[in-house]
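Below, each value reflects all heavy atoms present in this structure, side chains not excepted, and no hydrogens, waters or symmetry copies. For the single chain, residues carry numbers from 1 onward in sequence order.
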Amino acid sequence: MNAQGRDFTEERFLPYVSEGRRQEARKRRKDRDRQLYLAAEVLLNRSLQLEGRSLPLPVPYTRNPYGKPCLPKWAGRYANWSHSGTWVICVLSDREAGIDLQEAGKEPKEALIHRTLQPEELAFYEQAPADRKKRLFYEYWVLKESFLKAKGTGFHTSLDTFYIEMGNGAPEAVQRAGGPLYTCRLLDFADQGYAAALCVEGEEDPGELRIEYL
């Protein structure tokens with residue numbers, strides 16, 4: 001959902017935003033940050049509504065010890081969200097999932113590239129055509145973040161414990177010490193100035209993924 005030009009404090013959005021979220025939004029200094037913060041919960045609850053589920057809105061959620069939002073079991077869904085620039089993105093799934101969105105306009109600095117990419121990733125990155133490298137870096141970034149969100153640990157899991165394999169078709173998160181399988185994929189996002197990725201626990205048929213823009 002593109003949040004640009006929308007005011008999520010308007011009455012029509014009230015059924016989709018909790019009072020706690022509204023209070024937290026007021027603490028943000030910039031209006032854009034406030035709107036994106038509210039938009040994330042609007043998108044979550046509007047998405048649950050569009051699924052046709054008879055749920056009391058806004059659906060409450062808690063956070064795990066690492067800060068990942070968790071819907072109550074009676075909601076029957078796992079959820080995650082992300083925002084960047086003017087866009088907000090959300091995933092609803094029947095299993096643990098993570099999603100990430102990143103505005104991909106700035107040229108990444110060499111220090112950030114080497115701090116973010118693992119040796120296997122860096123080798124693939126350095127062989128990429130020059131005009132592909134910036135986009136590739138952001139694809140690595142969103143894949144890494146979506147994987148860490150799906151695990152539920154975020155950056156409490158060190159980046160050197162896994163890497164993203166890009167050379168075999170669909171991207172794959174490889175955990176150095178082993179662990180559960182996660183299915184990762186880059187998303188065809190509406191705005192080409194952004195990179196977005198989704199990661200779900202276990203194996204997932206790409207045909208099961210449905211994307212809607214609100």
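Considering CG of L181 and CD of E201, their distance stands at 9.0 Å, rounded to 0.5 Å. Rounded to the nearest 0.5 Å, atoms OH (Y194) and CG (L187) are 15.0 Å apart. Interatomic distance, CG of N45 versus OH of Y61, reported as 9.0 Å (0.5 Å rounding). Note that the CZ atom of R28 and the CG atom of D33 stand 7.5 Å from one another [nearest 0.5 Å]. Rounding to the nearest 0.5 Å gives a distance of 9.5 Å between SG of C90 and CE of M1. L48 CG to L55 CG: the interatomic distance, rounded to the nearest 0.5 Å, is 6.0 Å.
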Fill in: Residue pair R32, Q35: steps toward the side-chain hydrogen bond (donor to acceptor under 3.5 Å, both in side chains) verdict
CA-CA 5 Å; R32 189 188 77 165; Q35 295 297 341; over 6 Å; no
Worksheet entry | Worked verdict on Y16 versus E41 for side-chain contact (heavy atoms from CB on, under 4.5 Å) | CA-CA 7 Å; Y16 305 110; E41 195 170 75; over 6 Å; no
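Qualifying ring pair (Phe, Tyr, Trp, His ring centres under 6.0 Å) partners for F162, counting only residues two or more places apart in sequence or in other chains: F147. Scored by the side chain to side chain contact (heavy atoms under 4.5 Å, CB included) test, D160 finds Q118, S158 as partners (sequence neighbours excluded). Applying the ring pair (Phe, Tyr, Trp, His ring centres under 6.0 Å) criterion to F13, with sequence neighbours excluded, gives F8. Remark: E24 pairs with K27 by the salt bridge (charged side-chain N to carboxylate O under 4.0 Å, His left out) rule, at least two apart or across chains.
Residues N80 and L198 have side chains not in contact (no heavy-atom distance under 4.5 Å, counting atoms from C-beta outward). Annotation: side chain of L44 is not in contact with side chain of V59 (no heavy-atom distance under 4.5 Å). At least one side-chain heavy atom of Q175 sits less than 4.5 Å from a side-chain heavy atom of K151. With contacts defined as side-chain heavy-atom distances shorter than 4.5 Å, the pair P15/L57 does not qualify. Two residues are said to be in side-chain contact when any heavy atoms from C-beta on lie closer than 4.5 Å; E172 and Y182 fail this criterion. Put simply, the side chain of L136 reaches to within 4.5 Å of the side chain of M166, judged on heavy atoms. Residues V91 and Y78 form no side-chain contact, since every pair of their non-hydrogen atoms from C-beta on lies 4.5 Å or further apart.
Residues Q192 and R135 share a closest heavy-atom pair of O-NH1, 3.0 Å. Heavy atoms only, all atoms of each residue included: V17 and L38 are closest at CG1-CD2, 3.6 Å. In terms of heavy atoms, A3 sits closest to A39 at CB-CB, 4.2 Å.
Side chain of R185 to backbone of A197: no donor-acceptor contact under 3.5 angstrom is found. In this structure a side-chain-to-backbone donor-acceptor pair under 3.5 Å is present from E165 to G167. Checking side-chain atoms of R21 against main-chain N and O of Y37 turns up a donor-acceptor pair under 3.5 Å. Judged by distance alone, with hydrogens and angles left aside, the side-chain atoms of R6 form a donor-acceptor pair with the main-chain N or O of N2 at under 3.5 Å.
Counted within 6.0 Å of CD on E203, heavy atoms from surrounding residues, nucleotides or ligands total 12 or fewer; the atom is thus considered open. More than 12 heavy atoms of other shown residues, nucleotides or ligands fall within 6.0 angstrom of atom CG in D31.
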Scan the side chains in residues 100-113 for donor-acceptor partners under 3.5 Å anywhere in the protein, sequence neighbours excluded, and list what turns up.
residue : atom : partner : partner atom : Å
D100    : OD1  : S82     : OG           : 3.3
E110    : OE1  : H114    : NE2          : 3.4

Donor-acceptor list for residues 66-73 side chains, cut-off 3.5 Å, not counting sequence neighbours:
residue : atom : partner : partner atom : Å
K68     : NZ   : E96     : OE1          : 2.7
K68     : NZ   : A97     : O            : 3.1
K68     : NZ   : K149    : O            : 2.9

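Hydrophobic clustering of Ile, Leu, Val, Met, Phe, Trp and Tyr side chains at less than 4.5 Å, counting indirect connections, keeps L43 apart from V142. The hydrophobic cluster containing L92 also contains V88, counting ILVMFWY residues as joined when their side-chain heavy atoms lie under 4.5 angstrom apart, directly or transitively. There is no path of hydrophobic side-chain contacts, each under 4.5 Å, that joins L186 to F189. Hydrophobic cluster membership is shared by L122 and F137, with clusters built from Ile, Leu, Val, Met, Phe, Trp and Tyr side chains linked at under 4.5 angstrom. Residues L117 and L143 fall within the same hydrophobic cluster, defined by Ile, Leu, Val, Met, Phe, Trp and Tyr side chains chained together at heavy-atom separations under 4.5 Å.
Residues E51 and R77 are paired through a salt bridge, judged by an N-O separation under 4.0 Å between the basic side chain and the carboxylate. Salt bridge annotation for K144-E139: absent, with no cationic side-chain nitrogen under 4.0 angstrom from a carboxylate oxygen.
Ring geometry, F155 versus W141: the interplanar angle falls from 30° to 60°, so the pair is classed tilted.
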